[in-house]
Amino acid sequence: MSRAARKDEAVQFRKKSLAVGIGLQITGWLLKRLGRLIWLLCSTPIFATPLLVFVGLVLVGHTWGATALVITGTLLITGTTAGMVVWQRRSPETFTRWVSGPARGQWRRLAVYRRWWPAAMAEAKLSRSSADRDVLARLGRVHSTRNTDRVRVKVLRGQKMSDWATEATRLAQAFDVEHVRIVTVWKRQPKRKREAGKLPDRERQLIDLIALRRDPLREGVASIDHPIEDQLDLADTVDLARLPIGWTEDHTLYRLPLLGNHTLNVGCTGAGKGSFIWNVGKALGPAVRSGRVRLLGIDPKLIELPFGEDMFHELITGDVVDETEEPDAAKANEAVLINFAEALERWARLMSDRLKQMKGKSRLHIPTPAEPLYVIFIDEMAALTCYITDRKIKDRIASVLARILTQGRAPGFIVIGCTQDPRKEAVPQRGLFTIRLGMRLNEAADTEMILGKDSIERGALCHEIDRNMPGTAYALVDGTPEAVRLRFPWISDDDIREMAQFYRPNPANPYLELAA
């Protein structure tokens with residue numbers, strides 16, 4: 001063979017093997033397994049805590065005898081059990097956070113995720129081959145509730161969140177859960193940054209897998225019980241920045257940050273938009289009764305909002321008639337639409353007056369009975385912004401509505417709009433809403449229109465919501481990348497009427513007379 005041919009030939013290297021006796025190999029294997037066992041016991045509280053208690057009892061028995069051992073063990077077990085029962089009943093949320101959640105998570109980590117992790121990573125093509133072994137993303141801690149597991153993962157260098165999101169279905173099958181969502185992990189913020197309202201930074205190498213073991217929303221959710229205040233001044237306990245309006249898949253209350261945000265709710269016919277409206281109204285009820293919140297409404301359908309008319313400070317309704325069937329329909333429709341436009345312009349003037357009062361004094365209005373928060377409900381919003389043939393009236397409504405949406409958050413004029421059509425042509429002001437809720441939608445494109453182009457990859461599947469689950473939605477707050485899945489309790493027509501009677505504004509409130 002020529003010298004040139006030998007240069008082009010690949011040179012193979014093989015590591016030199018080191019001869020080790022079988023005894024040393026077995027000893028090394030046992031020490032390795034023993035080290036892993038010790039590390040598992042020390043790093044897993046569900047095992048480490050009983051082990052420490054056992055060692056302590058052995059020391060007590062060795063030092064003071066069997067009688068002391070029995071007495072100490074009995075007192076310890078009785079006291080711990082009683083303390084846990086009291087803690088769980090007095091504060092179930094903190095008990096789940098600090099005791100049952102971590103303990104259940106440790107068990108799930110060992111029994112499910114650690115067991116199936118290599119196979120799941122290989123099946124989802126999320127591992128890498130390096131020399132003679134596979135490199136896997138690192139499995140971190142697991143925190144569990146009754147229905148979900150939150151699995152912390154340190155991804156491999158170069159992996160994106162979308163790489164994991166596209167394989168969510170495979171991961172759900174591998175871990176035998178209903179579905180998996182991929183969410184961002186946020187860094188802890190110092191208290192001064194939290195108080196300043198700054199958003200936290202994202203952890204670049206960490207993600208969380210939200211695995212739903214059992215769907216608590218499928219069979220419906222319980223009604224939300226609000227404290228009923230007999231005294232008018234006690235209604236101010238309503239937290240307008242954290243309104244409880246539904247239940248999440250973690251079986252925790254979803255709290256709507258109403259103050260300072262406009263909300264858009266999109267869902268096709270029968271999706272349950274009415275449940276959203278009246279759960280917001282129910283949460284606001286005590287503040288409405290005190291006069292700290294005033295409800296304004298526009299309902300082109302005459303169907304939804306009149307059920308709770310007693311709660312509204314002003315409710316504008318009107319039936320748009322088919323012009324092909326009645327000869328005078330065009331004139332009647334024009335009068336109805338002008339009424340809608342005049343109501344919005346009247347509310348916009350109130351907003352402008354308050355802005356003048358706030359000039360140089362405050363950036364965000366604090367509601368009081370003298371200067372209340374105005375919440376404007378608009379049902380079937382597209383009827384005002386899209387389905388109007390009179391161009392002049394359409395532009396008039398669009399102009400004043402855009403002004404309220406761009407200027408109303410600071411002075412306390414909040415818009416809650418509902419529509420069936422998420423297209424920009426139907427709701428041109430869609431981008432001005434800082435909270436968006438997607439209920440059951442017809443197509444994946446509709447989901448991306450309302451919740452963003454990456455929403456499906458991040459687990460928001462509005463187009464896959466079951467028809468038998470009305471009131472289910474994905475809620476996305478501006479500034480957070482992932483939507484929250486929740487369901488609103490159903491409120492019957494009779495309950496709405498009763499609620500409206502109970503929470504109607506108190507006529508004895510002097511501020512209501514001044515503003516009338």
Sub-3.5 Å donor-acceptor pair from the side chain of [X] to the main-chain atoms of [Y], do we have one?
| X | Y | result |
| --- | --- | --- |
| Arg440 | Thr269 | yes |
| Asp446 | Leu441 | no |
| His365 | Glu371 | yes |
| Asn279 | Pro489 | yes |
| Lys154 | Ile207 | no |
| Thr80 | Leu76 | yes |
| Thr81 | Thr78 | no |
| Ser492 | Asp495 | yes |

Can you find a pair of side-chain heavy atoms, one from [X] and one from [Y], that are under 4.5 Å apart?
| X | Y | answer |
| --- | --- | --- |
| Arg115 | Leu110 | no |
| Ile182 | Arg458 | no |
| Trp490 | Trp278 | no |
| Glu482 | Thr184 | yes |
| Phe433 | Leu405 | yes |
| Phe95 | Met84 | yes |
| Asp134 | Pro118 | no |
| Pro470 | Arg487 | yes |

How far does [atom1] of [X] sit from [atom2] of [Y], to the nearest 0.5 angstrom?
| X | Y | atom1 | atom2 | answer |
| --- | --- | --- | --- | --- |
| Asp478 | Asn261 | CG | CG | 8.0 Å |
| Arg108 | Tyr113 | CZ | OH | 4.5 Å |
| Leu451 | Leu476 | CG | CG | 5.5 Å |
| Leu295 | Tyr374 | CG | OH | 11.5 Å |
| Glu448 | His463 | CD | NE2 | 8.5 Å |
| Ser144 | Trp107 | OG | CH2 | 12.5 Å |

Derivation and outcome, side-chain hydrogen bond (donor to acceptor under 3.5 Å, both in side chains), residues Thr419 and Lys273 = CA-CA 9 Å; Thr419 183; Lys273 296 186 293 295; over 6 Å; no
request  = Before giving the answer on side-chain contact (heavy atoms from CB on, under 4.5 Å), spell out for Leu305 and Ile277 the whole-Å C-alpha distance, their side-chain angles and the decisive distance to 0.1 Å.
outcome  = CA-CA 9 Å; Leu305 299 184; Ile277 291 174; 4.0 Å; yes
Closest approach of [X] and [Y], non-hydrogen atoms and distance?
| X | Y | answer |
| --- | --- | --- |
| Lys301 | Glu380 | CD-CG, 3.3 Å |
| Leu136 | Met121 | CD2-CB, 3.8 Å |
| Leu253 | Pro244 | CD1-CB, 4.0 Å |
| Ile450 | Leu437 | CG1-O, 4.3 Å |
| Ala475 | Tyr254 | CB-OH, 3.5 Å |
| Pro367 | Leu259 | CG-CD1, 4.0 Å |

key: Under the side-chain hydrogen bond (donor to acceptor under 3.5 Å, both in side chains) test, residues paired with Arg430 that sit two or more places apart   = none
ask   = After noting the C-alpha distance and the side-chain angles of Thr252 and Trp247, does the key distance pass the side-chain hydrogen bond (donor to acceptor under 3.5 Å, both in side chains) rule?
value = CA-CA 6 Å; Thr252 57; Trp247 297 95; over 6 Å; no
key: Ring geometry between Trp117 and Phe175 (parallel below 30°, tilted from 30 to 60°, perpendicular above 60°)   = parallel
key: Criterion side-chain contact (heavy atoms from CB on, under 4.5 Å) on Val415 and Ile378, from CA distance to verdict   = CA-CA 8 Å; Val415 177; Ile378 304 179; 4.2 Å; yes
key: Aromatic Phe502 / basic Arg289 pairing, under 6.0 angstrom, 45° off normal   = yes
Validation: residues 212-222 side-chain donor-acceptor distances under 3.5 Å, sequence neighbours left out:
residue : atom : partner : partner atom : Å
Arg213  : NH1  : Thr145  : O            : 3.4
Arg213  : NH1  : Thr148  : O            : 3.1
Arg213  : NH1  : Asp149  : OD1          : 2.5
Arg213  : NH2  : Thr145  : O            : 2.8
Arg213  : NH2  : Arg146  : O            : 2.8
Arg214  : NE   : Asn147  : OD1          : 3.4
Arg214  : NH2  : Asn147  : OD1          : 2.7
Asp215  : OD1  : Leu217  : N            : 3.0
Asp215  : OD1  : Arg485  : NH1          : 3.2
Asp215  : OD2  : Arg485  : NH2          : 2.7

ask   = CD of Gln173: more than 12 outside heavy atoms within 6.0 angstrom?
value = no
query = Considering residues, nucleotides and ligands other than Glu498, do more than 12 of their heavy atoms fall under 6.0 Å from its CD?
reply = no
task = Apply side-chain contact (heavy atoms from CB on, under 4.5 Å) to the pair Asp208 and Val153, showing each step before the final yes or no.
result = CA-CA 6 Å; Asp208 276 351; Val153 179; over 6 Å; no
request  = Output, in order, the C-alpha distance, side-chain angles, deciding distance and verdict of side-chain contact (heavy atoms from CB on, under 4.5 Å) for Phe276 and Ile416.
outcome  = CA-CA 10 Å; Phe276 162 73; Ile416 297 179; 3.6 Å; yes
ask   = Tell me the salt bridge (Lys or Arg N to Asp or Glu O under 4.0 Å) pairs involving residues 157-174, sequence neighbours left out?
value = Glu123-Arg170, Glu167-Arg170
inquiry  = Any salt bridge linking Arg181 with Glu249? Criterion: basic side-chain nitrogen under 4.0 Å from a carboxylate oxygen.
reply    = yes
request  = Mind running side-chain hydrogen bond (donor to acceptor under 3.5 Å, both in side chains) on His262 and Thr434 for me, showing each step along the way?
outcome  = CA-CA 6 Å; His262 301 302; Thr434 50; over 6 Å; no
